[in-house]
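First the structure, in the form of structure tokens, and then the observations on it.
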Number of protein chains: 4
Amino acid sequence: MSPRTKEQFDEIRSERKARIMQAALEVFSEEGFGKASISKIAGRAGVSKGLMYNYFKSKEELIETIFIDAMTRLMSGFEVNPKTTPSKEEFTLFIKKSMDDFKNNLPYWRMYFSVMMQADVMHKVEKELFEFAMPVIMMMAKYYESQGFENPLAKARLLAATLDGIGLNYMMDTENFPYEEAIDMIIEKLI
Amino acid sequence: MSPRTKEQFDEIRSERKARIMQAALEVFSEEGFGKASISKIAGRAGVSKGLMYNYFKSKEELIETIFIDAMTRLMSGFEVNPKTTPSKEEFTLFIKKSMDDFKNNLPYWRMYFSVMMQADVMHKVEKELFEFAMPVIMMMAKYYESQGFENPLAKARLLAATLDGIGLNYMMDTENFPYEEAIDMIIEKLI
Amino acid sequence: MSPRTKEQFDEIRSERKARIMQAALEVFSEEGFGKASISKIAGRAGVSKGLMYNYFKSKEELIETIFIDAMTRLMSGFEVNPKTTPSKEEFTLFIKKSMDDFKNNLPYWRMYFSVMMQADVMHKVEKELFEFAMPVIMMMAKYYESQGFENPLAKARLLAATLDGIGLNYMMDTENFPYEEAIDMIIEKLI
Amino acid sequence: MSPRTKEQFDEIRSERKARIMQAALEVFSEEGFGKASISKIAGRAGVSKGLMYNYFKSKEELIETIFIDAMTRLMSGFEVNPKTTPSKEEFTLFIKKSMDDFKNNLPYWRMYFSVMMQADVMHKVEKELFEFAMPVIMMMAKYYESQGFENPLAKARLLAATLDGIGLNYMMDTENFPYEEAIDMIIEKLI
DNA sequence: GATGAATGAGTATTCATTCAT
DNA sequence: AATGAATGAATACTCATTCAT
């Protein structure tokens, strides 16, 4: 009976950490940040309350970690290549794909918007958020510049804001909001 | 000798009520609904916790009252006339004026977005929100229709979503977001 | 316009005091002591909260006053004459009449039992309670003595206890408890 | 190294639970249900407020649990055998034993009477109370029937009421109430 | 590493009582 | 005398966090 190797421990750790984070994401998105309790998350993850603190120093750290993880996951869909400038077709495809991605990750986005509204959490996460968002914005700006638009950064930020607005409205009124049409119009008018 | 007159009491009441609502608005907008506690609001208003319940039966009632008050205040800026359809100039002016209004009422809007994110609070004010928002959306749709656009309702919802997105981004990054430019572009592209 | 005379003031005072006590009794018996609030009582009496304290120094004093008033009212039904000893017929009639009285004053009795259970209130009122109850017990003892029973005081206390028990059970299960039969049996067996 | 075993946890839990229930019983019986606060009970049990909710979901659940526990304990003394009908000697013994039991469990009985007076609490435990009390009443009725008495159910209820009354009076005036004599008289007159 | 018992500060809400007028 | 606004301590309950084992 030999003790577990360091590798085995690490594996257990990261598997369990993932499980906790998954549970936390679910609970956050189901109940909102305010009502999501450590107990419930621990229960959902099949882990004791005490053990949670072995993986995350505090609820705050859990939130931050989750948020950054979610961002990473979401932004990875954007596949921004900082070296090249997309063509119109590529850019259009990028928007379509991104918005498609959005629909497939509503829980993450719900959390994203929820966090954005909580001034205190927001501040903790601001830096990371900008790190993720900036490359996308810059890519958009580069695209607009390449197409000869003036004030490309402003255009990029407007586009991003518009996509935010569409996402938000879709989230709030999933049944009735004309999601596909809105995206098509945006592509037609703003790209 | 004699008790205070009804007028005196009414004056005290409305002065205090206003102070409480102002404090509540501030706290809600600074901390979000989740973390805004009755204690904090009472403290900010310079009033005892107990007194709060003299003016509002519950936290819920306070939230609703504030929200409806804020909505009324905000929507009054929109001056929607349900009988007539605006011309392009009028509609443009309406958008500009509305967005100008937005800048002057950031605290209220912060609360508006905060509410939109909290499913539970949202449900309580859903009815009022739709009562306020629907006439605006319908007016926008009528405008698009009169201009010969197809799918005017979808266009109207997209416009509203876009304005939401601009507001949200301006709120989150007041320093850098190109607010005026974004509005001008919207007017140029979507109207 | 002459000022009111002292008599007029006194009249107002005692009329109002009676109104407050009536309201308090109602509220106590409807909601129990625990949940009966000064506000509610004041409202029911058509009087301001502040004024209540002009008539009763505290809620405690109000309770005591009410209780003693209720006792006086209830015990007056017993018409105990300390000088004479009742005959068997008189005593039987006394019991029947008393128990009849009980049915007509359920709210008072509910309060009586309710108070009896609250150790703290009980202590305040103990003296008065005994002042009222003792003459009745003594009369009962005298009756038993006159009938040649041994240990008349114990018999009297047992009778009083039995009547308490019947009242209590009737109060708790008014629908099903065989009130009249129980009294008839008591009269047959214990008198 | 290893967490406590399930057995250790169970032991801690039941030891603590017992301590809380004991404290609750004391406080309930001293102060009545109305004034017995969770704080006071926690303090008496030497336990934090929070921990109480680890063992009982709510004050209501605590009350019910205590009450049912007390009833079970009390009624176990009655040893009712639903199959057989007691002889006069057995029945007499049963009454004596029951009333003896009563003296040894005054705190429980204080709580019992206290509950009976509080309409709201009463409703919560009504079902349990009747489940416990009914077999006893029915056994009493069967006894009376076997002895050839008419209206045996009414007689049974009267007997129960009388015992209630004796208990109540003993509780209120332990010093002077002639408990033993009263029981002897009851056995002589009502059995 | 792992457990869940335990804590204590926090939450919304209620209410007897005081007090300026 | 009369009012009701105002207070503050109390209530039941929650929950992030710590800690003995």
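The chains referred to below are lettered A, B, ... by the order of the sequence lines, with proteins before strands, and numbering in each begins at 1.
Between C:Glu60 atom CD and E:dT17 atom C1' the separation is 13 Å, expressed in whole Å. Computed from coordinates, the C:Ile63 CD1 to E:dC15 C1' distance equals 13 Å when rounded to whole Å. The separation between B:Glu61 atom CD and E:dT13 atom C1' is 13 Å, rounded to whole Å. Rounded to whole Å, the distance from CG on A:Leu62 to P on F:dC15 is 16 Å. Spacing between atom NZ of B:Lys17 and atom P of F:dG4 amounts to 16 Å, rounded to whole angstrom units. Atom CD of D:Gln8 and atom P of E:dA2 are 18 Å apart (whole Å). We find that CZ of A:Arg19 is positioned 13 Å from C1' of E:dA2, with the value rounded to whole Å.
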Per-nucleotide protein contact string for nucleotides 5-12 of chain E (B base, S sugar-phosphate only, - none; heavy atom under 4.0 Å)
SBBB-BSS
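Considering every non-hydrogen atom in both A:Leu51 and A:Val47, the closest pair reads CB-CG1, 4.0 Å.
Residues that satisfy the side chain to side chain donor-acceptor pair (under 3.5 Å) test with D:Glu7, not counting sequence neighbours, are absent from this structure. Annotation: side chain to side chain donor-acceptor pair (under 3.5 Å) contacts of D:Tyr53 (sequence neighbours excluded): none. Every residue meeting the side chain to side chain donor-acceptor pair (under 3.5 Å) condition with A:Glu61, not counting sequence neighbours, appears here in chain and number order: A:Lys57. Among residues two or more places apart in sequence or in another chain, the side chain to side chain donor-acceptor pair (under 3.5 Å) test is passed with C:Gln22 by C:Glu26.
A donor-acceptor contact under 3.5 angstrom links the side chains of B:Asn54 and B:Arg13, judged on distance only.
Where DNA chain E pairs in unbroken runs of 3 or more (Watson-Crick or G-U, both distances under 3.5 Å), the stems are E:2-21 with F:2-21.
Counting only distance, with no hydrogens or angles, the side chain of B:Arg110 and the backbone of B:Ser29 share no donor-acceptor pair below 3.5 Å. With hydrogens and angles disregarded, no donor-acceptor distance shorter than 3.5 Å links the side chain of D:Lys35 to the backbone of D:Glu30.
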